[in-house]
Amino acid sequence: MFDRFGRQVTSLRLSVTDRCDLRCFYCMTESVTFTSRRELCSLEELDRICGVLIQLGVCKIRLTGGEPFVRNGFMKLVRLLSRHLGEGGLEELTMTTNGIRLSQHAVELLEIGVRRVNVSVDSLRPDLFLAITRHGRLARVLDGITAAARAGLRIRINTVVLAGLNEDELIELVLWSGDHGYDICFIEVMPLGSSGRYYMPISRVQTKLAQRFTLTESDYRSSGPARYVNCVETGQRIGFIAPMSSAFCESCDRIRLTCAGILFPCLGQEHSVDLRVPMLLSKENTLLVTAIAEALRQKSRGHSFAHNHVANKYGLTRRMSVTGG
Ligand code: SAM
Ligand code: SF4
């Protein structure tokens, strides 16, 4: 699958639900309205769409949300998708989670064929963690991470960098994750319905880290947009995702599917194509393939995020939990 700018699309982010057991302030409001059950694709429907996308060339799927584990039957979906691993054309099945329910499922994930998980930890201070997530108990997340590591899953910690909130914890986060053998990735906050007032450019993070650690170039690439360096002192990889200050659109290989079967060719644009209706209209996949081709035609050259906190205008009204981070 190629878009009209010649970029090959090989990676799918599947938001299995837009619901979550936390309410990170940059991601959701307290009283967010979720996709209704009527609009929701069943697990089998999501699996069918993924199967078609895999046939068309998607070889990496990251399950995300909302919080994937709050979707009923989530592990059944992971199992269904795992049959494509290997000869089925799927090279990698991974997930991003807030870690709250990870400990219950870690062993099963590994058995099914998941090898890596990303877990979000914005702070190691229980009170700040609670304030950012509005409901989160840090200890549960840390237990989940420990269980996942013990089960044999490779861990990457995702930290959204928030000016004035966790910016003085960055060194501590690197030391803690390095100590445990986890990679860590720092992410610029994106204006997906959230205030840009905590925005901090990744260059500032890099400057802070370089004052304390020896960082060397790494040519490692994960399936996402992170750029990595090696940290000599801790031996871990540190990733940076800087959608705001240095767009990575030129090498974008991703599309995003929501739990309602809406395909977004770009996280940072509003246009989308409904795959649910063409899927339900026919048992054959011809209409579905046509709709996917239409979405690819719509994939734009780049995102249109822009922080404009003076006017308090946000780049987009759609939140990250809809299309999945
Ligand atoms: N619930 C899971 C979690 O928190 O890891 C998966 C979904 S969450 C939307 C995926 C990632 O997106 C998380 O690392 C989260 O911190 C990040 N995220 C959410 N809203 C964001 C925003 N406005 N800007 C940057 N990252 C954001
Ligand atoms: Fe939930 Fe993840 Fe969004 Fe936080 S970032 S509210 S954990 S979906």
Side-chain angles (χ1 to χ4, degrees), residues 13-32 34-35 61-71 74 94-102 105 116-123 129-138 140-141 144-145 148 155-163 165-166 173 177 182-202 205 222 224-226 239-245 247-248 254 256-259 264 267-268 303 305-307 309 314-325:
R13 296 287 161 93
L14 171 56
S15 176
V16 299
T17 177
D18 54 358
R19 291 166 195 262
C20 187
D21 40 6
L22 302 184
R23 290 286 182 281
C24 303
F25 77 89
Y26 51 72
C27 180
M28 289 186 197
T29 55
E30 281 272 33
S31 54
V32 57
F34 296 115
T35 302
I61 296 182
R62 174 172 293 282
L63 303 166
T64 177
E67 173 51 33
F69 286 124
V70 307
R71 173 83 198 244
F74 170 66
T94 54
M95 71 175 295
T96 303
T97 172
N98 62 25
I100 293 279
R101 302 172 194 217
L102 183 55
H105 302 289
R116 297 189 298 121
V117 289
N118 290 356
V119 190
S120 300
V121 180
D122 294 340
S123 174
F129 185 85
L130 182 67
I132 293 172
T133 59
R134 295 199 185 101
H135 299 296
R137 278 189 42 231
L138 178 66
R140 263 188 85 169
V141 176
I145 296 172
I155 312 280
R156 187 183 88 183
I157 304 299
N158 276 351
T159 300
V160 174
V161 184
L162 300 161
L165 291 180
N166 64 0
L173 279 156
S177 50
Y182 315 144
D183 288 337
I184 186 165
C185 186
F186 294 106
I187 306 171
E188 280 178 350
V189 71
M190 288 176 259
L192 288 154
S194 74
S195 162
R197 119 177 202 238
Y198 296 100
Y199 171 68
M200 171 167 161
I202 276 299
V205 178
S222 56
F240 302 102
I241 300 184
M244 306 307 301
S245 61
F248 39 56
R254 274 172 305 286
R256 291 163 192 272
L257 182 65
T258 73
C259 55
F264 282 87
L267 173 67
H303 69 62
F305 301 137
H307 274 293
H309 15 123
Y314 312 129
L316 288 170
T317 48
R318 174 168 38 86
R319 288 176 180 274
M320 199 75 154
S321 50
V322 176
T323 30

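As the structure is a computational prediction, the values presented were derived from the model and not from experiment. Atoms within each ligand, like the ligands themselves, are counted from 1 in listed order. Numbers here simply count residues along the sequence, with the first being 1.
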Would you name the heavy atoms of [X] and [Y] that are closest together and state the gap between them?
| X | Y | answer |
| --- | --- | --- |
| M28 | R19 | CE-C, 4.5 Å |
| M200 | V205 | CE-CG2, 3.9 Å |
| R23 | V32 | NE-CG1, 4.0 Å |
| T159 | I184 | OG1-CD1, 3.8 Å |
| C20 | N98 | SG-ND2, 3.7 Å |

(Q) Nearest 0.5 Å, please: how far is CD1 in I155 from CZ in R116? (A)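 So the CZ of R116 and the CD1 of I155 are separated by 11.0 Å.
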Q) Do any N/O/S atoms of C20 come under 2.8 Å of atom 1 (Fe) of ligand 2? A) yes
Q: Please state whether the separation between atom 4 (Fe) of ligand 2 and some N/O/S atom of C27 is under 2.8 Å?
A: no
Q | Numbering as shown, the atoms of ligand 2 that approach N98 to under 4.0 Å (heavy-atom distance) | A | 7 (S)
Q) Considering only heavy atoms of G66, which atoms of ligand 2 have at least one such atom less than 4.0 Å away? A)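 This gives 8 (S) as the contact atoms.
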(Q) Between ligand 1 and G66, can you find any atom pair, the residue atom being a heavy atom, that is separated by under 4.0 Å? (A) yes
**Q.** Heavy-atom nearest option to atom 26 (N) of ligand 1, drawn from L22, V160, V141, T159
**A.** V160
Q: Would you mind finding which of C185, G136, S120, G99 brings a heavy atom closest to atom 4 (O) of ligand 1?
A: S120
So if I count the atoms of ligand 1 from 1 in the order they appear, which ones are less than 4.0 Å from some heavy atom of [X]?
| X | result |
| --- | --- |
| T64 | 6 (C), 7 (C) |
| N158 | 14 (O) |
| G65 | 7 (C), 9 (C) |
| V189 | 24 (N), 25 (C) |
| N98 | 2 (C), 3 (C), 5 (O) |

Q. Looking at residues at least two apart in the chain, or sitting in another chain, which of them share a side chain to side chain contact (heavy atoms under 4.5 Å, CB included) with N158?
A. T96, N118, S120, R156, C185, I187
Q) Measuring from the heavy atoms of T133, does anything fall under 4.0 Å of ligand 2? A)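 The answer is no, since T133 has no heavy atom less than 4.0 Å from ligand 2.
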Q) Is a side-chain donor-acceptor pair under 3.5 Å present for T97 with E67? A)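 Per modelled atom types, E67 and T97 side chains form a pair under 3.5 Å.
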**Q.** Test item: side-chain donor near acceptor, D18 and T35, under 3.5 Å
**A.** yes
Test your reading of the structure: does [X] have an N or O sitting under 3.5 Å from an N or O of ligand 1?
| X | answer |
| --- | --- |
| T97 | yes |
| D122 | no |
| C20 | no |
| Y26 | yes |

Q: Could you pull out all residues at least two apart from F186 that satisfy ring-ring contact (aromatic ring centres under 6.0 Å, His included)?
A: none
